[in-house]
Amino acid sequence: QVQLVESGGGLVQPGGSLRLSCAASGSIFSISNMGWYRRAPGNERELVAHITSGGVTNYVDPVKGRFTISRDNVKKTVHLQMNSLKPEDTAVYYCYAQALTSGRGPYNDYWGRGTQVTVSS
């Protein structure tokens with residue numbers, strides 16, 4: 001009952017910037033944590049950035065100082081501003097959310113289908 005749709009991926013040169021967006025929709029009572037994961041070819045999926053409902057953030061070390069995660073609790077969106085992009089940032093980026101669909105039910109995990117980010121000259 002919860003859908004996450006990512007947008008904003010594409011091809012960019014090293015040193016460039018992209019802004020990823022993710023919109024949550026469906027029968028949502030509330031959203032707790034949101035974040036972005038990525039998976040490069042042949043690699044394990046890794047957490048890139050995480051943000052709580054109160055706006056507390058954390059980042060994986062390689063992107064600290066370059067990426068910024070933010071959210072809008074009214075619009076039910078989460079964003080990832082990516083600056084100073086490097087070739088090693090190339091991956092499929094996935095949006096993640098923990099959402100409650102009723103007042104009494106547990107939070108469940110939801111995933112978007114991903115958006116491709118390619119950093120290359």
Side-chain angles (χ1 to χ4, degrees):
Q1 297 297 318
V2 177
Q3 298 83 43
L4 302 177
V5 180
E6 304 100 332
S7 62
L11 174 65
V12 65
Q13 293 184 332
S17 297
L18 285 174
R19 186 172 191 253
L20 305 183
S21 298
C22 173
S25 62
S27 301
I28 301 172
F29 184 83
S30 65
I31 300 175
S32 183
N33 302 317
M34 303 185 81
W36 292 90
Y37 285 76
R38 68 184 180 186
R39 184 165 188 168
N43 292 355
E44 297 290 332
R45 185 178 65 183
E46 67 172 349
L47 177 66
V48 179
H50 174 273
I51 184 168
T52 71
S53 60
V56 179
T57 63
N58 57 65
Y59 303 88
V60 66
D61 284 343
V63 311
K64 288 181 178 177
R66 300 189 297 119
F67 291 10
T68 302
I69 188 171
S70 61
R71 66 189 288 169
D72 187 324
N73 291 331
V74 175
K75 296 181 179 179
K76 298 183 180 67
T77 58
V78 62
H79 309 275
L80 187 67
Q81 178 67 45
M82 305 185 295
N83 299 326
S84 301
L85 283 162
K86 304 175 180 179
E88 51 263 44
D89 295 319
T90 296
V92 178
Y93 285 70
Y94 299 90
C95 177
Y96 162 84
Q98 292 181 308
L100 188 68
T101 58
S102 70
R104 63 180 179 181
Y107 281 89
N108 290 315
D109 298 335
Y110 299 92
W111 295 88
R113 292 185 176 182
T115 184
Q116 177 71 49
V117 172
T118 302
V119 185
S120 176
S121 298

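- For Thr90 (side chain) and Val119 (main-chain N/O), a donor-acceptor pair under 3.5 Å exists by modelled atom type.
- No continuous path of hydrophobic side-chain contacts links Tyr96 to Leu20 [ILVMFWY only; heavy atoms under 4.5 Å].
- The cationic group of Arg39 does not satisfy the cation-pi geometry with Trp111, failing either the under 6.0 Å distance to the six-membered ring centre or the 45° limit from the ring axis.
- The closest side-chain heavy-atom distance from Val78 to Cys95 is below 4.5 Å.
- No single ILVMFWY cluster, assembled from side-chain heavy atoms under 4.5 Å apart, contains both Tyr37 and Leu85.
- Contact annotation: the side chain of Tyr107 approaches that of Ser30 to within less than 4.5 Å [non-hydrogen atoms, C-beta and beyond].
- The two residues Leu47 and Val60 have their closest heavy-atom pair at O-CB, 3.3 Å.
- Looking at every heavy atom in both residues, Tyr94 comes nearest to Gly112 through CD2-O, 3.6 Å.
- A salt bridge is defined here as a Lys NZ or Arg NE, NH1 or NH2 lying under 4.0 Å from an Asp or Glu carboxylate O, and Asp61 with Lys64 meets this definition.
- Within the 4.5 Å cutoff, the side chain of Val63 has heavy atoms near those of the Arg38 side chain.
- Distance check: Leu11 CG to Thr118 OG1 gives 6.0 Å after rounding to the nearest 0.5 Å.
- When all heavy atoms are compared, the tightest approach of Thr68 to Tyr59 is CA-OH, 3.4 Å.
- Considering all non-hydrogen atoms of both residues, Val2 and Ala99 come closest at CG2-CB, 4.2 Å.
- Ser120 OG to Asp89 CG: the interatomic distance, rounded to the nearest 0.5 Å, is 12.5 Å.
- Taking 4.5 Å as the limit, every side-chain heavy atom of Ile31 sits out of range of all side-chain heavy atoms of Asn73.
- Using a distance-only test at 3.5 Å, with no hydrogens or angles considered, no donor-acceptor pair links the side chain of Asn33 to the main chain of His50.
- Ring planes of Phe67 and Tyr93: tilted class, angle from 30 to 60°.
- The nearest pair of heavy atoms linking Ala91 to Gln116 is O-NE2, 3.4 Å.
- Hydrophobic clustering places Met34 together with Ile28 (ILVMFWY residues linked when any side-chain heavy atoms are closer than 4.5 Å, directly or through intermediates).
- Looking at Ser25 and Lys76, their side chains never come closer than 4.5 Å, going by heavy atoms from C-beta outward.
- Cluster membership for Leu100 and Tyr110, using ILVMFWY side-chain heavy atoms within less than 4.5 angstrom, is not shared.
- Residue Leu80 is grouped with residue Val12 when hydrophobic side chains (ILVMFWY) are merged at heavy-atom distances under 4.5 angstrom, including chains of intermediate members.
- Atom CD of Gln1 has 12 or fewer neighbouring heavy atoms from other residues, nucleotides or ligands inside a 6.0 Å radius.
- Between Phe29 and Thr101 the shortest side-chain heavy-atom distance does not fall below 4.5 Å.
- Contact detail for His79 and Ser21: the closest heavy-atom pair is ND1-OG, 3.0 Å.
- The backbone N or O of Ser32 lies less than 3.5 Å from no partner atom in the side chain of Gln98, so there is not a single donor-acceptor pair.
- Side-chain contact between Met82 and Val117 is present, with at least one heavy-atom pair separated by less than 4.5 Å.
- Between Arg113 and Glu6, no side-chain nitrogen of the basic residue sits less than 4.0 Å from a carboxylate oxygen of the acidic one, so the salt-bridge criterion is not met.
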